[in-house]
Every structure is written in structure tokens, then in C-alpha cells.
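Report on the following structure.
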Amino acid sequence: MELSESIRHANGRQRKPVVVNANMNDQEPKMSDQETVDEEEALLQGSECEERLQRFRKGIRGELGNVLLLLFLYVLQGIPLGLAGSIPLIMQSKNVSYKDQAYFSFVFWPFSLKLLWAPLVDSLYIQQFGRRKSWLVPTQYLLGMFMLGLSFTVDSLLDMNGTKGPDVVTLTAVFFMLAFLAATQDIAVDGWALTMLSRENVGYASTCNSVGQTAGYFLGNVLFLALESADFCNKYLRFEPQDQGIVTLSDFLFFWGIVFMVSTTLVAVMKKENSKHQGSKRRPKEETQGVLETYKLLISIIKMPAVFTFCCLLLTSKIGFSAADAVTGLKLVEAGVPKAELALLAVPMVPLQIMLPLVISKYTAGPRPLDIFYKAFPFRLLIGLEYALLVWWTPSVKHDEGFPVYYYGVVLLSYAVHQVALYSMYVACMAFHAKVSDPVIGGTYMTLLNTVTNLGGNWPSTLALWLVDPLTSKECQGAVGQTCGSAEEAGLCVNKGGECVTALDGYYLESLVCVVIGFSWWIFFGKRMKRLQEESSSAWHCRIR
């Protein structure tokens, strides 16, 4: 879920502060003619400001329906993303390999690659139906149909009966398509938000984005995992224990599939995109640009030396964090931590995630935002080592009734410290993007840099998951002459009366290697990244022919 940009108000004029003259005497001081004129102008400006404020408040009430619609559309967008985030935890509880987890991690790539087809969504549409509805309506119908179809087959794909194991390839293909459709819906909704709201209220679009996506992800991930967990429901929500949770994945998918189909029909029939207000001065007009022109513009931006260097650094800067970010949660589930309890630890983090960008932005608002990125980098690497220690410590504190309260406190504290380092780097990076983006083509420029930033986190995570199994060393104990180098050999070891025991967990080796690579990057390339702040503005501006 990407953080939205800070809200910027359309009207830049501000009312001047009133200065109170504290005079001990009751006598009123005399004013010159110029002072009288200045006071009259100030009163006029004040009354003008008050009138604008009244119009602004009326405008919000008048567009409350549009704001709520945008919020709802972003909530729908977060549902499939949250479900996709819950599947790895479910698969991990079924002892799938980390190679399979690496396959499934491709599901999270579409939001990092949506720039590849965003020009098509912006340029190709049916004028009579609406520029954004031409993509939004069919996309959401497809999302609903995929969810309804998946609700009848997901139990067999995840092998809920435990006979043959999850069908990882099919699950990856289906959820990749869901994420692709959600990313396409995001492009359409982002574009529609700019014209659905008036100039005075367009700042609420980013708020709807942030709140809606977060709420949708929470519903599809945290709430679902809690209600799906039999242990959680028996412990907190039931008087009599049962074998399964309150809801199943198939029920959850069926419910939201119906919601998608009904809500999309209502939007298609009742919401008019090309309204009578669309051409008014209060509504910003959309600029249209051809598909080829947009792609040529992207290529010309990438060709600039400063941008090319920055993109290369963004694509490699997160290698050192990949093991901690991608594997730690799965290792905790493998060690016995309930996935529902692990997901619920994200709830106390919500206020922190809201406050951190506001606090950090005070330090990144200057001319050198990447200094914060550089300073937070080594701390985040050290937290990766602390995560490895946490995974190593977890089995030793587990008892028959689960884990003690202080264990979850340690996990929560570790996660909170990690979030501080992560958001420090993220906000600094976004501030630098805003600083260097050419204002003439700011939207395309910012989207390109954000896409590269997200991609720089996705590919190392996939690679980290892929390498866990090859780096893990197992021995067959109890059966002479047997090995555990592959699934077949492990099965033969068990058939001979032996047991495969992990001699070296690849996660720990990978964590150490990642930290070494990370510190090497920080020493040799970190300062190079900081020096990009010293480039002149002309080095970042694209010459449009």
C-alpha cells in the first residue's frame, strides 16, 4: 500500500495574522491615512477569506457523496491485496517450501509495474460512457467474477483436507490476476478522483486513497485471518470451541464477490462521470496525451544521467533488507506463532504509521531529504539482525498454551522500531522524488520514480524467498546412508525410519549475507546517492520537444 502524498490546498493565499497591540492606556492611538488604508485592505482580505472558507465548507457538504464513493472504491481495492497478503501465511502453516513462497511473491508485483499499462488506461476509453468508468466498471466486474469463481475452488487449491498440498502455481496465477485488476482499478480511480472532486476539495482524494486502501487491506488480511482462525475464535469469540473459524476463505471470497458485482452495477447505472459540472471552473480539466507520446516521455526521462543513476541505486538499495522483510514473518509462523495473532500485531501499528510520516516530513522538507535516508539505512540493517535473533529465540519461549504475553511485547517493539527506520527511508525518498520531479511532467515523473522504488523492494524479496531452501542444510538422523537434499530424499529418509533435521537454516545465513551486502552498499553507494542532491535542477528536467 503506498503512502499517499501530502495534501496540498489549491488556494495558496493565506490570511495575514492579526497583531494585537497591548497598550496600557485606554487612549486609542492615532492612525495615519496610509495606516487607515492598510487596515481597510486587511479587513477586506479578511472578509474575502471568510467568504472563501464558507464556500469551502459548503463545497465539502455538497461533495460528501463523491468523497464517500472514492473512499468506498479504495476500500474495494484493498480487499484483494489483503487477501493476497494472507495466503502466504496460510500456505506456511501447511509447510510449503520457500521456493513456492517465492513463486507466490510475484502476486505483489503488479502494483510496482502498473506504469507499463497506465498510459493505455489513460488514453483508451469510450467517450459516451466515461473516461474512467470505461476501465473501472469492467475491471471491478472481473474482480467480482474472479472472487466468486475462486470461492468454489480455493479450498481444493489450498488443500484444506491436507492430502497433497497447495496448488501454488494456480494460486499464484489467480491472485496475480486479482492484483493486476486491482492495480488497473487503482489507475482508473486515481484519475477519476482528480475530476470527481472540485479544486477546493481535490486534496481529499489522497486521504481517501490512504484511508481506503488501509481499511480494505485490514479487512482482507487482519480481520479475515482472525475470523478464519479456529484458535482465535475459540479463545476470544466463542463459548463452545469448534474445529474451524467463524468464516472460511471461500465464504469471505463469495461475500466480497457479491459486493463487487452489486456495487459496480450501482456505479455504472447511477454515477454519471460526464456531469454538467465537469466543464465548470471548479472542476479541473484532464489533459489527454497519446499512448506513444507517454511512452516516449518515460524513455526520455530514464535516459537522463542523473535519473538513470538514481534509478539504479533505487533498484539495488533494498537488497540488504530482503531477508528481514520477506522471510521473517513466515519463519515465525513456521516456529509456531499463530498467524492470526501475528496479523493482529499490525493493529497497534496503525497510529504509529499515521504519525510517522507527519513527524519525519519535518526533517525531510529541506534541500537534502536523502540525508535522513542515509542515516536510517544502517539502523534498518541492524534491525534485520535483530529479527534473526527473534526467530532463533522464538522456539525457546513456546509452551503448551502458546506464547507468553512478554513475547508478543518483544515482537511488537521490534516491529515498531523497524517501522520507524522503514518510514524514515520511505518519506525521505518520496520527498526527494517531489523535489527533483520536473513540474511540467510531474505526474509521469513521480509515477516513474515511485514505480522504480517499489520494484527495488519486490525483486530482492522474491529472490530472498527463493534462496532460503537452497541455503538450508538438512541431515537424516536415524537412517544410515540417507540424505535430505530433496523432497524425494527426505521422503525416503522418513520411510527408512529416520528424521530430517535442519543442520543450518538458510534464513540465518541469508540474513547475515544480506546485512553484509547492505553495509557494503551503504559504504560504497550511499554517499553517491547523497551527492545526487547536489545536482542542479537542470540535471533533472526533461527537455520536451
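We use all heavy atoms of the structure for the numbers below, so side chains are in, but hydrogens, waters and symmetry mates are not. In this chain, residues are counted from 1 in sequence order. This is a predicted model, so every value here is computed, not measured.
- Looking only at side-chain heavy atoms (C-beta outward), Thr214 and Phe218 stay at 4.5 Å or farther from each other.
- A donor-acceptor pair shorter than 3.5 Å cannot be found between the side chains of Ser151 and Ser250.
- One distance of note links CD of Gln101 with OG of Ser461; it measures 12.5 Å at 0.5 Å rounding.
- When side chains are defined from C-beta on, Leu143 does not count as touching Trp256, because their heavy atoms never get closer than 4.5 Å.
- Residues Leu150 and Leu178 have side chains in contact (heavy-atom distance under 4.5 Å, counting atoms from C-beta outward).
- Counting heavy atoms from C-beta on, the side chains of Ile90 and Phe224 come closer than 4.5 Å.
- Of the possible polar contacts, none joining the Trp459 side chain to the Thr316 backbone as a donor-acceptor pair under 3.5 Å is found.
- Between the CD atom of Glu228 and the CD1 atom of Ile246 there is a distance of 11.5 Å, given to the nearest 0.5 Å.
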Given side-chain contact (heavy atoms from CB on, under 4.5 Å), test Asn454 with Phe111 step by step and report yes or no. CA-CA 8 Å; Asn454 293 333; Phe111 266 80; 6.0 Å; no
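- At least one donor-acceptor pair closer than 3.5 Å links the side chain of Ser97 to the backbone N or O of Asp100.
- Relative ring orientation between Phe403 and Tyr408 is described as perpendicular, the plane-to-plane angle rising above 60° on a 0-90° scale split at 30° and 60°.
- Other residues, nucleotides and ligands contribute only 12 or fewer heavy atoms inside 6.0 Å of the CZ atom of Phe254.
- The line from CZ of Arg380 to CZ of Phe373 is 8.5 Å long, rounded to the nearest 0.5 Å.
- Nearest heavy atoms, Phe260 versus Pro80: CZ-CD, 4.3 Å.
- For His418 and Tyr387, the gap between ring centers is short of 6.0 Å.
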Check step by step if ring pair (Phe, Tyr, Trp, His ring centres under 6.0 Å) holds for Phe176 and Phe180. CA-CA 6 Å; Phe176 182 90; Phe180 172 81; 7.0 Å; no
Assess whether side-chain contact (heavy atoms from CB on, under 4.5 Å) is satisfied between Leu385 and Leu381, documenting all intermediate values. CA-CA 7 Å; Leu385 287 180; Leu381 290 173; over 6 Å; no
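- Looking at Gln77 and Gln185, their side chains do bring a donor and an acceptor atom within 3.5 Å of each other.
- When the shell of 6.0 Å around CH2 of Trp117 is examined, it contains more than 12 heavy atoms from other residues, nucleotides or ligands.
- At a cut-off of 3.5 Å, with distance as the only test, a side-chain donor of Ser112 or Asn458 sits close to an acceptor on the other residue.
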I'd like to know whether Gln419 forms a side-chain contact (heavy atoms from CB on, under 4.5 Å) with Tyr426, so could you lay out the CA-CA distance, the side-chain angles of the two residues, the decisive distance to 0.1 Å, and finally the verdict. CA-CA 10 Å; Gln419 290 294 293; Tyr426 181 83; over 6 Å; no
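- Nearest heavy-atom pair across Cys311 and Val452 is O-CG1, 3.7 Å.
- Listed for the Ser229 side chain is no donor-acceptor partner under 3.5 Å among the backbone atoms of Ala226.
- Counting heavy atoms of neighbouring residues, nucleotides and ligands inside a 6.0 Å radius, atom NZ of Lys375 does not exceed 12 of them.
- The main-chain N or O of Lys530 is found under 3.5 Å from a side-chain atom of Gln533 such that the two form a donor-acceptor pair.
- The minimum heavy-atom distance between Asn221 and Ala343, with the atom names listed, is OD1-CB, 4.2 Å.
- Between atom CZ of residue Phe377 and atom CH2 of residue Trp522 there is a gap of 9.0 Å, rounded to the nearest 0.5 Å.
- Counting non-hydrogen atoms of other residues, nucleotides and ligands closer than 6.0 Å to CE of Met145 gives a total above 12.
- Proximity of a side-chain donor or acceptor of Ser156 to a complementary backbone N or O of Thr153 within less than 3.5 Å is detected.
- Using a 4.0 Å cut-off between charged side-chain N and carboxylate O, Asp325 and Lys318 make no salt bridge.
- Between Leu504 and Lys474 there is no side-chain heavy-atom pair separated by less than 4.5 Å.
- The aromatic ring centroids of Phe310 and Phe432 lie less than 6.0 Å from each other.
- Judged by distance alone, the side chains of Asp251 and Thr248 do bring a donor and an acceptor atom under 3.5 Å apart.
- Using bins of under 30°, 30° to 60° and over 60° for the plane-to-plane angle, the ring pair Phe108/Phe104 lands in the perpendicular bin.
- For the atom pair CG (Leu253) and CD1 (Ile258), the distance works out to 12.0 Å, reported to the nearest 0.5 Å.
- A donor and an acceptor atom, one from each side chain of Trp521 and Ser317, are nowhere located under 3.5 Å apart.
- Heavy atoms only, all atoms of each residue included: Ser322 and Ile319 are closest at OG-O, 2.8 Å.
- Between Lys114 and Asp186 there is a salt bridge, since at least one side-chain N of the basic residue sits less than 4.0 Å from a carboxylate O of the acidic one.
- Here the straight-line distance linking atom CG of Leu532 with atom CG of Leu313 works out to 6.0 Å at 0.5 Å rounding.
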Check against side-chain hydrogen bond (donor to acceptor under 3.5 Å, both in side chains), Tyr507 and Thr472: CA-CA 8 Å; Tyr507 167 70; Thr472 299; over 6 Å; no
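- The two residues Leu330 and Gln92 have their closest heavy-atom pair at O-CG, 3.4 Å.
- There is a side-chain donor-acceptor pair under 3.5 Å between Glu386 and Ser414.
- Contact of the Glu475 side chain with the Thr483 side chain is not registered, since no non-hydrogen atoms from C-beta on lie closer than 4.5 Å.
- Between the side chains of Tyr74 and Asp190, at least one donor-acceptor pair of N or O atoms lies under 3.5 Å.
- No side-chain heavy atom of Val410 sits less than 4.5 Å from a side-chain heavy atom of Val397.
- Leu345 and Met349 get closest at one heavy-atom pair: O-CG, 3.7 Å.
- One N or O on the side chain of Asn234 and one on the backbone of Ala230 form a donor-acceptor pair closer than 3.5 Å.
- Looking only at distances, a side-chain donor or acceptor of Ser396 sits under 3.5 Å from a matching main-chain atom of Trp393.
- For the two cysteine residues Cys500 and Cys476, the thiol sulfurs sit 2.5 Å or further apart.
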Could you please spell out the steps behind the side-chain contact (heavy atoms from CB on, under 4.5 Å) verdict for Lys99 and Val168? CA-CA 10 Å; Lys99 184 177 180 180; Val168 178; over 6 Å; no
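- Checking Tyr98 against Glu334 by side-chain atom types alone, a donor-acceptor pair falls below 3.5 Å.
- Here the side chain of Asp167 pairs no donor or acceptor atom with the backbone of Leu157 at under 3.5 angstrom.
- No side-chain heavy atom of Tyr103 sits less than 4.5 Å from a side-chain heavy atom of Val169.
- Judged by distance alone, the side chains of Thr394 and Tyr407 do bring a donor and an acceptor atom under 3.5 Å apart.
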